[in-house]
Amino acid sequence: MSSPSALRHAAITSVGHYLPDERLTNSDLEAMVETNDEWIRTRTGIRERRILGDDGKATAFMATEAAREALDKRGLTPDDVDVIVVATVTPDMLFPATACLVQDNLGASNAWGFDLSAACSGFLYGLTTGAQFVETGRADTVLVIGTDKMSSIVDYTDRTTCILFGDGAGAVVLEADEDVGLQDTVHHTDGEHRDLLCMEGGGSLHPPTHETVDNHMHYVHQDGRQVFKFAVTRMADVCVEVMERNDLTADDVQYLVPHQANQRIIDATAKRMGLDSNKVMVNIDRYGNTTAATIPLCLYDWEDELTRGDNLILTAFGGGFTWGASYLTWAYEGQ
Ligand code: UT7
């Protein structure tokens, strides 16, 4: 472990991913609930999502695959990892933490780790959290993983939510760099509106009973219209704030990396920032809303377009409410 230094930024030095093979298309959903492809595409931007299925694999499995790929690409071994931060709202079980399962799956014998629950902002919060271990010199190699098996908590009889979510995982390696890496963050939490997007059942307030199951309390509940109103303003506000306080104009920003909840929210955010659509990472059409995984999955898909020093703004809004924006400078050349 190195000694603390004012020059240690936490840079993303590798990205890995995992997406299940099975596709759930809009036409598949037409056969399950009263909906249609045109409504889903125009209201959300989604065409299909990936589903992990029920063969005993869950969130930790996807996280492990994504982490393994990220380490391999960087030429690191699991023994090199100091800390594992797993952002998820669909842990394999309430405890032990998914991070413990990932540590064991990887054989990361020198690592400790923990889970972080911030819904769709999970990866953003995880990045800030993981970065601090690197910045202070307490760790040299940190894995930050966003992973969610949303299909395990989605009610496939509720057309207002089941069309939105998909399964997947993305992982990044954080290491120290003197110049590039995480530069600034603005994060918020506001629990007042916790009822607008939540899963009520299964915690200590409503432990599982026949009644909680009968009342569909172990599924995602969302008041979409209300959440939309908050998301569309808060996400743009926080992106503009992080740009202004770092003296960044739209020309200075190479990419916006937004949480993928709704194409209309992404478009409105980019517009407020003055960014053309070719500077916005979007994969909601292919994967839907994978909750904590959307941002690292975008980084994975766009990695080849990036060069060292590129200015990225990462942003998310999710249940809690939780939201924020981070200013990150990219560390390595695309292939
Ligand atoms: O990721 C965490 C944060 N989450 C978000 O940011 C999500 C924010 N919310 C949204 O993205 C949008 O609110 C939704 C995509 C969830 C819904 O879009 P909307 O434009 O807000 O639709 P709405 O809820 O206002 O519903 C409009 C109509 C309603 O019918 P009436 O009342 O106008 O007759 C709904 O019943 O569309 C109906 N509807 C559907 N129709 C076909 C709702 N779901 C569906 C559906 N298919 N799947």
Side-chain angles (χ1 to χ4, degrees), residues 24-49 87-90 117-125 146-151 153-168 170 187-199 219-239 256-270 272 282-285 287-298 314-325:
L24 182 67
T25 65
N26 291 351
S27 74
D28 293 333
L29 285 160
E30 285 175 4
M32 296 162 67
V33 290
E34 197 182 328
T35 190
N36 59 79
D37 174 58
E38 206 253 331
W39 191 96
I40 300 173
R41 274 190 295 103
T42 53
R43 298 285 178 135
T44 71
I46 303 168
R47 292 171 187 276
E48 62 179 33
R49 330 93 193 105
T88 187
V89 288
T90 52
S117 175
C120 296
S121 306
F123 181 80
L124 205 65
Y125 280 26
T147 177
D148 271 302
K149 185 181 177 183
M150 293 305 290
S151 62
I153 58 167
V154 163
D155 179 353
Y156 285 97
T157 65
D158 174 9
R159 69 173 183 170
T160 68
T161 51
C162 74
I163 54 128
L164 299 171
F165 296 101
D167 301 336
H187 295 329
H188 296 281
T189 297
D190 180 357
E192 186 187 347
H193 305 288
R194 57 187 171 275
D195 295 341
L196 296 180
L197 178 48
C198 60
M199 189 181 94
Y219 290 127
V220 178
H221 161 81
Q222 175 173 245
D223 183 334
R225 202 174 301 188
Q226 290 303 321
V227 175
F228 187 98
K229 282 184 198 161
F230 282 98
V232 80
T233 51
R234 299 291 194 280
M235 208 188 229
D237 286 348
V238 85
C239 287
L256 170 67
V257 194
H259 170 55
Q260 311 280 306
N262 189 309
Q263 182 73 54
R264 292 180 290 145
I265 297 173
I266 295 170
D267 292 345
T269 304
R272 276 275 305 281
V282 176
N283 58 21
I284 189 173
D285 51 326
Y287 313 140
N289 183 348
T290 53
T291 303
T294 62
I295 290 177
L297 284 172
C298 279
L314 282 48
T315 187
F317 184 93
F321 291 141
T322 57
W323 72 101

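Note that ligands are numbered from 1 as they come in the structure, with each ligand's atoms numbered from 1 the same way. Both backbone and side-chain heavy atoms feed into the values below; hydrogens, waters and symmetry mates do not.
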Fill in the blank from the handout: Note: ligand 1 atoms sitting under 4.0 Å from heavy atoms of I265 are 6 (O)
Problem - Over 12 foreign heavy atoms within 6.0 Å of CZ, R194 - result: no
Practice task
Using heavy-atom distances, let me know which of Q263, R225, H259 sits nearest atom 29 (C) of ligand 1.
Solution key: R225
Exercise for the section: Could you tell me whether a side-chain N or O of T315 sits under 3.5 Å from a main-chain N or O of C239, the two making a donor and an acceptor? Expected result: no
Practice task
Around atom 43 (C) of ligand 1, find the nearest protein heavy atom and jot down its residue, atom name and distance.
Solution key: W39 CZ2, 3.6 Å
Handout entry: Those atoms of ligand 1 less than 4.0 Å from some heavy atom in R264
Key = 18 (O), 19 (P), 20 (O)
Handout entry: Distance in Å, T189 OG1 paired with W323 CH2, rounded so as to fall on 0.5 Å steps
Key = 7.5 Å
Exercise for the section: With rounding to the nearest 0.5 Å, note down the distance linking SG in C198 to CG in D223. Expected result: 10.5 Å
Problem - T157 side, atom OG1; Y219 side, atom OH - distance, nearest 0.5 Å - result: 7.0 Å
Practice task
State, yes or no, whether a side-chain contact exists between N26 and R41 at a heavy-atom distance under 4.5 Å.
Solution key: yes
Practice task
Pick whichever of N262, I40, T294, L197 has a heavy atom sitting closest to atom 10 (C) of ligand 1.
Solution key: N262
Handout entry: Atoms in ligand 1 flagged as close to T44, the criterion being non-hydrogen separation under 4.0 Å
Key = 15 (C)
Problem - Check: N289 side chain, I284 main-chain N or O, donor-acceptor pair, under 3.5 Å - result: no
Problem - Nearest candidate to atom 22 (O) of ligand 1, where distance is taken over non-hydrogen atoms, out of Q226, R43, K229 - result: R43
Exercise for the section: State the atoms of ligand 1, each with its element, that fall below the 4.0 Å cut-off from a heavy-atom position in T35. Expected result: 42 (C), 46 (C), 47 (N), 48 (N)
Problem - atom 2 (C) of ligand 1: the protein heavy-atom neighbour that sits closest, reported with distance to 0.1 Å - result: C120 SG, 3.2 Å
Exercise for the section: I would like to know whether C162 and L29 meet side-chain contact (heavy atoms from CB on, under 4.5 Å); could you show each step before the answer? Expected result: CA-CA 8 Å; C162 74; L29 285 160; 4.0 Å; yes
Handout entry: Between T290 and D148, a side-chain donor and acceptor under 3.5 Å
Key = no
Exercise for the section: Write out the residue and atom name of the closest protein heavy atom to atom 38 (C) of ligand 1, then the distance separating them to 0.1 Å. Expected result: R159 NH2, 3.7 Å
Practice task
Look at atom 3 (C) of ligand 1 and find which of F321, F317, W323 reaches it with the closest heavy atom.
Solution key: F317
Exercise for the section: Please indicate, with yes or no, if any protein heavy atom is found under 4.0 Å from atom 20 (O) of ligand 1? Expected result: yes
Exercise for the section: Distance to 0.1 Å, residue and atom name: give those for the protein heavy atom nearest to atom 4 (N) of ligand 1. Expected result: Q222 OE1, 3.1 Å
Exercise for the section: For the pair R159 (side chain) and V33 (backbone), establish whether a donor and an acceptor sit closer than 3.5 Å, ignoring hydrogens and angles. Expected result: no
Exercise for the section: Could you tell me whether a side-chain N or O of R47 sits under 3.5 Å from a main-chain N or O of D285, the two making a donor and an acceptor? Expected result: no
Practice task
Return yes when at least one protein heavy atom is under 4.0 Å from atom 31 (P) of ligand 1, and no when none is.
Solution key: no
Handout entry: Element-labelled atoms of ligand 1 that are located less than 4.0 Å from some non-hydrogen atom of N289
Key = 1 (O)
Practice task
Output yes when the distance from some N or O of ligand 1 to some N or O of T160 is under 3.5 Å, and no in every other case.
Solution key: no
Exercise for the section: Tell me which protein heavy atom sits closest to atom 9 (N) of ligand 1, plus the residue, atom name and distance to 0.1 Å. Expected result: G224 O, 3.0 Å
Problem - Distance flag for atom 13 (O) of ligand 1, protein heavy atom under 4.0 Å - result: yes
